[in-house]
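Some notes on the structure that comes next.
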Amino acid sequence: MAGLIVTQVAASGGMQRTLMDRVTLVTQKTTPFLAMLPKGTQNARGLQDEWPLDDEDDAQDSAQVDAADAGNSSSGQEKYGIMTNRVQWNRRVAEVSTLSGFQNQAGIGTSAKEKMAYAIAKKLKGLAKDIEATLSSEREAVAGAVDTANKTRGAAKFLTTGQSGAFAVPTQFQIGSGQIYSGTLAAFDEVAFNGLLKATWDSGAVEAQQEYVGLCGSAFKARITSLTAYASGTNTYATSRHYNADLKSKIIWSTIDEFRGDFGNVALIPSRWLYHPTFGGSTALNSNSCLGLRIDKWQMVPLEMNSYMDLPNNGGGERKQISSVWTLRCLNPKANWVARIAS
């Protein structure tokens with residue numbers, strides 16, 4: 001909202017607006033995944049990006065009999081696999097019509113140049129949200145065709161079981177069933193949370209006490225906070241409610257921003273874009289779910305980020321294209337976990 005606009009009579013006798021210094025754009029703490037995601041130093045080659053994964057050997061009893069010839073040998077590639085994703089082109093177009101150059105707009109200005117600067121800034125923020133929602137989605141990659149856009153596989157799709165098809169994670173690197181919580185939000189508690197961390201550690205992909213980022217919906221964040229607020233009664237204990245309170249300032253804190261478990265710590269970061277309905281998710285999944293990510297196991301690979309170019313003026317007004325070309329790499333799906341909660 002631009003705020004309260006007051007109409008007054010100027011000295012010239014004409015009707016003018018009292019302008020704010022600027023228009024305030026509504027921006028959620030907008031794109032946490034995009035902001036934290038490491039950017040790959042090596043660009044993708046072509047429209048289909050590929051990268052290798054391998055796993056260390058388990059411990060073996062390799063004690064040898066003295067003077068015995070070398071026995072079993074191998075290339076060391078028994079667990080080697082190839083991951084793949086498609087490169088995606090995101091675009092938004094800013095336009096300033098011919099007549100708008102003669103209109104004085106509150107907080108934007110009069111000239112076409114001011115209006116174009118405003119439009120470009122807004123389109124850039126919109127483009128970042130488009131990318132964030134794609135990153136946080138469970139959408140499968142799409143190989144483009146004449147009338148079909150290339151689409152990048154979302155992070156949540158990497159964190160599913162039973163994958164098959166051209167973009168499937170190789171079986172040996174697919175996330176385990178214990179690393180996925182699919183129960184109800186009401187049943188999710190400290191035990192379930194610790195269970196996800198334990199299953200991820202048991203997979204062998206991480207060491208104990210790893211640091212995770214928990215990209216979560218609003219209801220999931222509130223659910224974790226509620227775990228500390230209420231203790232139900234039993235035969236031994238009465239029902240009780242606990243607050244962290246600063247009695248001097250008369251402030252009550254009711255928030256949990258980090259979960260610390262036996263097998264790792266999770267920094268909870270709310271996101272509006274998780275399993276977004278526009279990208280194949282749902283309102284319930286968006287609000288209830290959480291992606292537990294080892295951020296260092298992901299990369300955004302840019303080919304071209306936030307570039308803009310002039311488009312032809314076909315008579316309607318000046319236009320500029322703002323675009324990004326990029327893809328997402330998951331360097332080890334088993335190092336992550338997910339609470340995919342539909343109800």
Side-chain angles (χ1 to χ4, degrees), residues 33-34 36-60 72-88 131 134-143 150-181 196-215 263-264 266 290-303 325-340:
F33 196 5
L34 179 59
M36 292 183 292
L37 200 56
K39 307 305 183 285
T41 56
Q42 182 179 2
N43 286 348
R45 297 186 178 97
L47 296 181
Q48 183 146 310
D49 185 33
E50 294 183 344
W51 63 100
L53 287 185
D54 204 350
D55 196 1
E56 296 179 354
D57 290 336
D58 293 332
Q60 299 177 357
N72 296 333
S73 60
S74 72
S75 67
Q77 297 184 18
E78 292 79 15
K79 299 179 182 179
Y80 177 88
I82 294 292
M83 300 272 284
T84 184
N85 204 352
R86 294 296 289 185
V87 169
Q88 178 167 316
I131 295 172
T134 303
L135 289 169
S136 308
S137 75
E138 199 179 47
R139 189 169 69 180
E140 181 59 282
V142 175
N150 279 286
K151 293 183 179 180
T152 293
R153 185 179 235 229
K157 190 63 178 178
F158 283 102
L159 307 183
T160 56
T161 57
Q163 297 181 36
S164 60
F167 303 101
V169 173
T171 303
Q172 65 271 31
F173 298 112
Q174 289 188 23
I175 194 170
S177 59
Q179 295 170 260
I180 301 174
Y181 177 87
L196 289 171
L197 299 177
K198 179 181 180 297
T200 305
W201 186 82
D202 286 341
S203 74
V206 298
E207 302 298 331
Q209 293 306 318
Q210 290 297 314
E211 302 292 330
Y212 296 91
V213 168
L215 283 180
F263 299 94
V266 184
C290 180
L291 296 182
L293 308 174
R294 276 285 307 278
I295 287 295
D296 62 326
K297 301 303 181 184
W298 301 84
Q299 282 185 354
M300 181 182 189
V301 183
L303 281 75
V325 183
W326 61 282
T327 190
L328 174 67
R329 288 179 181 172
C330 180
L331 305 183
N332 190 350
K334 293 172 74 172
N336 308 272
W337 50 266
V338 58
R340 188 186 187 278

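Fair warning: this is a prediction, and the values are worked out from it, not measured in the lab. Only this structure's heavy atoms are used, side chains among them; waters, hydrogens and symmetry mates stay out. We're numbering straight along the sequence, starting at 1.
- The aromatic rings of Trp298 and Phe158 sit perpendicular to each other, their planes meeting at more than 60°, with 30° as the lower class boundary.
- Going from atom CD1 of Ile180 over to atom OG1 of Thr160 covers 6.5 Å, rounded to the nearest 0.5 Å.
- Rounding to the nearest 0.5 angstrom, the gap separating the CG atom in Asp49 from the OG1 atom in Thr327 is 5.0 Å.
- If you run side-chain contact (heavy atoms from CB on, under 4.5 Å) between Phe33 and each of Ile131, Val213, Leu215, only Leu215 comes through.
- Side-chain N or O atoms of Gln48 include none that pairs as donor or acceptor with a backbone N or O of Thr84 at under 3.5 Å.
- Closest heavy-atom contact between Ala168 and Arg153: CA-NH2, 3.9 Å.
- Side chains of Leu53 and Pro333 form a contact here, defined as non-hydrogen atoms less than 4.5 Å apart.
- Taking the side chain as every heavy atom from C-beta outward, Thr161 and Gln163 never approach each other to under 4.5 Å.
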**Study point:** Verdict with reasoning, Val206 to Phe263, per side-chain contact (heavy atoms from CB on, under 4.5 Å)
**Key:** CA-CA 9 Å; Val206 298; Phe263 299 94; over 6 Å; no
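- For the pair Cys330/Lys297, no side-chain contact is recorded, criterion being any heavy-atom separation below 4.5 Å from C-beta on.
- Minimum heavy-atom separation, Leu291 to Ser136: CD1-O, 4.3 Å.
- The shortest side-chain heavy-atom distance between Pro38 and Asp296 does not fall under the 4.5 Å cut-off.
- Between the side chain of Gln174 and the main chain of Val169, a donor-acceptor pair closer than 3.5 Å is present.
- Of the inter-residue distances, the one linking Arg340 atom CZ with Cys290 atom SG reads 14.0 Å to the nearest 0.5 angstrom.
- Although no hydrogens or angles enter the test, the distance criterion places no donor-acceptor pair under 3.5 Å between the side chain of Trp337 and the main chain of Gly176.
- For the atom pair CZ (Arg329) and OG1 (Thr152), the distance works out to 12.0 Å, reported to the nearest 0.5 Å.
- Put simply, CG on Asn336 and OG1 on Thr200 are 7.5 Å apart, with the number rounded to the nearest 0.5 Å.
- Distance check: Asn332 CG to Ile175 CD1 gives 10.0 Å after rounding to the nearest 0.5 Å.
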Check your understanding: Trp326 and Leu34: side-chain contact (heavy atoms from CB on, under 4.5 Å), yes or no, with the steps?
Key -> CA-CA 12 Å; Trp326 61 282; Leu34 179 59; over 6 Å; no
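- Judged by the 6.0 Å distance and 45° axis criteria, Arg86 is not positioned over the aromatic ring of Phe167.
- At a threshold of 4.5 Å between non-hydrogen side-chain atoms, the residues Leu328 and Lys157 do not count as touching.
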